[in-house]
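Just so we're clear, the structure is a prediction, and the values are computed from it rather than from any experiment. For ligands, and for the atoms within them, numbers begin at 1 and follow the listed sequence.
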Amino acid sequence: VYIVAFGKAVLGMVRAAEDVLEDHIAEGIASVPVGSQEDMRRVGKWDLLPRNNSRIQIIEGAANNIPDEMAHKAAMKIYSLLDSLTEKDLVLALFSGGGSALLPAPYPPVTLEEMAQVTRILSHKGATIQQLNTVRKHLEILKGGGLAKVAAPAKVIGLVMSDVVGNDPQFIASGPTSPNNTTAQQCLDLIKSLGVMSVIPESVISMLVKRAEASRHLKERAEYQYKNATTLIIGSNEIALEVAQRRARALGYLPYILSSSLVGNAITTGEMFAKVAAFLCCSKAHQSHKNSQQLMQLELDLIQSGLSKTTVNEMRMLATESINTNVPVCILGAGETTVEVQGSGKGGRNQEMALACGLKLHEF
Ligand SMILES: Nc1ncnc2c1ncn2[C@@H]1O[C@H](COP(=O)(O)OP(=O)(O)OP(=O)(O)O)[C@@H](O)[C@H]1O
Ligand SMILES: O=C(O)[C@H](O)CO
């Protein structure tokens with residue numbers, strides 16, 4: 001068994017694979033963010049670091065999630081390893097969010113610097129991760145199913161930690177083991193619609209044009225069938241929520257999953273959680289006269305925040321159950337919020353969300 005791994009979460013995945021497969025692992029290469037191993041050591045997470053006698057080479061690169069020379073070196077090593085395999089070999093491809101930047105291998109003549117430039121231009125123009133990865137899939141060898149093709153005739157099992165809302169495997173880390181259901185024409189249309197045609201490098205545009213033309217003649221040619229590859233999502237918001245729900249129950253709470261796909265501004269989302277808490281408390285306080293003015297106002301606020309009427313009704317029932325059983329409620333949610341970083345403070349999206357929730361609760 002050969003291991004190839006790339007992404008922000010793969011150090012621990014590598015270790016878990018080593019613990020299960022032990023000596024069956026022939027060799028492996030993992031591309032992880034700069035400083036990952038040191039971070040794990042500093043916080044004593046030895047169980048998320050490769051074993052002492054590990055056969056897996058760890059390469060650190062892609063500072064700030066931008067593809068760089070080290071990540072490219074890792075990608076080329078992974079390419080050479082996969083290219084040398086036979087039908088007797090099995091590849092475990094372990095990947096997670098951040099995998100796109102950690103496995104950069106542009107088709108020549110597109111250069112690494114040009115790839116980084118395209119990524120920057122599209123993200124600054126507000127392209128979604130699906131749009132950005134659609135473009136990457138048409139410009140890079142190992143993306144858009146490329147990893148599975150290079151590894152053939154070896155069998156490939158992709159084990160994936162999703163960071164993409166909706167968990168479509170063709171977009172997580174740019175779908176290295178999944179069929180590519182996007183077209184080069186879609187990339188050109190996107191570049192046009194974002195108004196960046198004139199600043200995207202010429203080599204990139206001409207490659208996309210060539211690919212778009214080639215795919216028009218593809219109908220007669222047999223398309224690659226991906227018979228050697230399987231992709232399994234082993235981590236996602238939904239899975240995390242299920243586990244959190246079980247844990248909350250074990251800790252003596254009444255858990256309720258609000259959503260597995262929260263999106264939007266971190267502050268607005270934090271405030272929404274505070275409103276949910278206020279709504280639950282208010283529902284509990286007004287069991288007898290359900291039409292209180294305050295309750296109606298909060299209900300309206302929640303619906304305006306994007307919650308459905310069904311969710312609001314379910315939360316009312318939850319409040320009743322909580323009163324009857326005297327068990328406190330635990331509201332769970334997952335997704336990906338966004339933050340506009342201002343100034344040079346420290347923080348993260350969840351911290352900003354939690355603080356916004358705290359401030360709003362204080363108001364209530
Ligand atoms: N609320 C905030 N206040 C200040 N700085 C922030 C805040 N949120 C994020 N940042 C800064 O922006 C950087 C990137 O944030 P982001 O949340 O995208 O991190 P990430 O964990 O790398 O994301 P992901 O892995 O989901 O792509 C953080 O490392 C931090 O320095
Ligand atoms: O690496 C990537 O492409 C993003 O994190 C989405 O998976």
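- The nearest protein atom to atom 26 (O) of ligand 1, hydrogens excluded, is given as Arg349 NH2, 2.5 Å; this is a heavy-atom distance.
- Protein heavy atom in closest approach to atom 28 (C) of ligand 1: Gly347 O, 4.0 Å.
- Using a 4.0 angstrom heavy-atom cutoff, Gly348 counts as in contact with ligand 1.
- Numbered from 1 in the order shown, with element, the atoms of ligand 2 that lie under 4.0 Å from a heavy atom of Gly99 read 1 (O).
- Two residues are said to be in side-chain contact when any heavy atoms from C-beta on lie closer than 4.5 Å; Leu159 and Ile157 meet this criterion.
- Considering backbone and side-chain atoms together, Lys8 places an N or O closer than 3.5 Å to an N or O of ligand 1.
- Among protein heavy atoms, the minimum distance from atom 6 (C) of ligand 2 is reached at Asp163 OD1, 3.1 Å.
- Counting atoms of ligand 1 from 1 in the listed order, those under 4.0 Å from a heavy atom of Glu336 are 26 (O).
- Checked options Leu49, Asp39, Leu94; the residue passing with Leu11 is Leu49 (criterion: side chain to side chain contact (heavy atoms under 4.5 Å, CB included)).
- A salt bridge is defined here as a Lys NZ or Arg NE, NH1 or NH2 lying under 4.0 Å from an Asp or Glu carboxylate O, and Glu38 with Arg41 meets this definition.
- Using a 4.5 Å cut-off on side-chain heavy atoms (C-beta onward), Ser259 and Leu262 make contact.
- At least one donor-acceptor pair closer than 3.5 Å links the side chain of Glu60 to the backbone N or O of Gly35.
- In this structure, Val341 has a heavy atom closer than 4.0 Å to ligand 1.
- Set against the non-hydrogen atoms of Glu352, the atoms of ligand 1 under 4.0 Å away are 1 (N), 2 (C).
- For atom 13 (C) of ligand 1, the nearest protein heavy atom is 4.0 Å or more away.
- Under 4.0 Å from ligand 2, not a single heavy atom of Leu132 appears.
- Checked by atom type and distance alone, the side chain of Gln186 pairs as donor or acceptor with a backbone atom of Thr183 at under 3.5 Å.
- Proximity of atom 9 (C) of ligand 1 to the protein is indicated by at least one non-hydrogen atom lying closer than 4.0 angstrom.
- By the 3.5 Å distance cut-off applied to N or O atoms, Ala173 is counted among the residues near ligand 2.
- What sits closest to atom 3 (O) of ligand 2 on the protein, heavy atoms only, is Ser100 OG, 2.5 Å.
- The shortest heavy-atom contact between Ala173 and Phe6 is CB-CE1, 4.5 Å.
- For Lys360 and Glu363, the salt-bridge test passes: some basic side-chain N is under 4.0 Å from an acidic carboxylate O.
- Near Gly98, meaning under 4.0 Å from any of its heavy atoms, are these atoms of ligand 2: 1 (O), 2 (C), 4 (C), 5 (O).
- Residue Ile172 has no nitrogen or oxygen atom sitting less than 3.5 Å from a nitrogen or oxygen atom of ligand 2, judged on distance alone.
- For the pair Lys137 and Phe171, the cation-pi criterion (under 6.0 Å, within 45° of the ring axis) is fulfilled.
- In this structure, the side chain of Ser36 engages the main chain of Pro33 through a donor-acceptor pair within 3.5 Å.
- Listed by number with element, the atoms of ligand 2 under 4.0 Å from a non-hydrogen atom of Arg136 are 3 (O).
- Counting only heavy atoms, the protein gets under 4.0 Å from atom 22 (O) of ligand 1.
- Heavy-atom separations between Lys8 and ligand 2 are all 4.0 Å or longer.
- Applying salt bridge (charged side-chain N to carboxylate O under 4.0 Å, His left out) to Glu22 and the options Arg55, Arg51, Arg15 leaves one that passes, Arg51.
- Hydrophobic cluster membership is shared by Leu102 and Ile59, with clusters built from Ile, Leu, Val, Met, Phe, Trp and Tyr side chains linked at under 4.5 angstrom.
- Using a 4.0 Å heavy-atom cutoff, Gln351 is absent from the residues neighbouring ligand 1.
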